[in-house]
Amino acid sequence: QVQLVESGGGSVQSGGSLKLSCAFSGFTSDTYCMTWFRQGPGKEREGVASIDTDGSTNYTDSVKGRFTISRDNAKNTLYLQMNSLKPDNTAMYYCAARWWDGRLSLRADEHNYWGQGTQVTVSS
């Protein structure tokens, strides 16, 4: 069965960096695109960054230039490098997978599989 397991969350001061990882199994990496989402306190789940099967990426505007999504298909692992973190980046971060249909998507309702999340807390 499909499994996604996030790690790498933690507490950091404003301006700091964290690198999240998501180990996935149960599907072949060339058939699914992968996305990072986040959900802050009292907020809706938001798509942060997505990467397709050949490495093309898409980011929500608020993280462009600060966050980088990548994947290592040989290790079945998705990453999110987060730099210049801000307090409003505090959230539970989730990785998700969707069947590759030729387009990237940051919509939660278009993703099929989800991890359990890893908490990121940024203090001022």
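Between atom CD of residue Q81 and atom CD1 of residue I69 there is a gap of 12.5 Å, rounded to the nearest 0.5 Å. To the nearest 0.5 Å, atom CG of residue N58 and atom NZ of residue K64 are 6.5 Å apart. Here CD of E46 is found 8.0 Å from OH of Y93. Values are rounded to the nearest 0.5 Å. Note that CZ of R98 is 9.5 Å distant from CG of D109, once rounded to the nearest 0.5 Å. Note: L104 CG to T35 OG1 = 7.5 Å, rounded to the nearest 0.5 Å.
S50 and D52 are not linked by any side-chain donor-acceptor pair at a separation below 3.5 angstrom, with hydrogens and angles left out of the test.
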Under the criterion side chain to side chain contact (heavy atoms under 4.5 Å, CB included), I'd like the reasoning laid out for H111 against S105: C-alpha separation, chi angles, the key distance, then a yes or no. CA-CA 8 Å; H111 286 71; S105 171; 4.3 Å; yes
Show your reasoning for whether side chain to side chain contact (heavy atoms under 4.5 Å, CB included) applies to Q119 and T90. CA-CA 8 Å; Q119 178 67 38; T90 293; 4.0 Å; yes
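When side chains are defined from C-beta on, S70 does not count as touching D72, because their heavy atoms never get closer than 4.5 Å. Side-chain contact between R103 and E110: present, with at least one pair of heavy atoms (C-beta onward) separated by less than 4.5 Å. Taking the side chain as every heavy atom from C-beta outward, N76 and F24 approach each other to under 4.5 Å. Inter-residue side-chain proximity for R66 and M82 is flagged as unmet; no heavy-atom pair is nearer than 4.5 Å. Counting heavy atoms from C-beta on, the side chains of Y79 and K19 come closer than 4.5 Å. The side-chain heavy atoms of I51 and L78, taken from C-beta on, include a pair separated by under 4.5 Å. Between S17 and N83 there is a side-chain heavy-atom pair separated by less than 4.5 Å.
Ring centroids of W36 and Y94 are separated by 6.0 Å or more, keeping the two rings apart. You'll find the ring centres of F37 and W114 inside the 6.0 Å limit.
Ring geometry, Y32 versus W99: the interplanar angle exceeds 60°, so the pair is classed perpendicular (tilted spans 30 to 60°).
Applying the side chain to side chain donor-acceptor pair (under 3.5 Å) rule to S62 yields the partners R38; only residues at least two apart in sequence or on another chain are considered. Remark: V2 engages L4, F27, Y113 in a side chain to side chain contact (heavy atoms under 4.5 Å, CB included) (not counting sequence neighbours).
The minimum heavy-atom distance between S14 and P87, with the atom names listed, is OG-CD, 3.7 Å. Between T57 and Y59 the shortest heavy-atom distance is OG1-CE1, 3.6 Å. Across all non-hydrogen atoms, the minimal contact from T53 to T31 is CG2-N, 4.1 Å. The two residues L80 and A49 have their closest heavy-atom pair at CD1-CB, 4.3 Å.
Between the side chain of E6 and the backbone N or O of Q116, at least one donor-acceptor pair lies under 3.5 Å.
Ionic pairing of D88 and K86 is not present here: no N-O contact between side-chain nitrogen and carboxylate oxygen is shorter than 4.0 angstrom.
Note on V12 and M92: separate hydrophobic clusters, where clusters join Ile, Leu, Val, Met, Phe, Trp and Tyr whose side-chain heavy atoms are under 4.5 Å apart, directly or indirectly.
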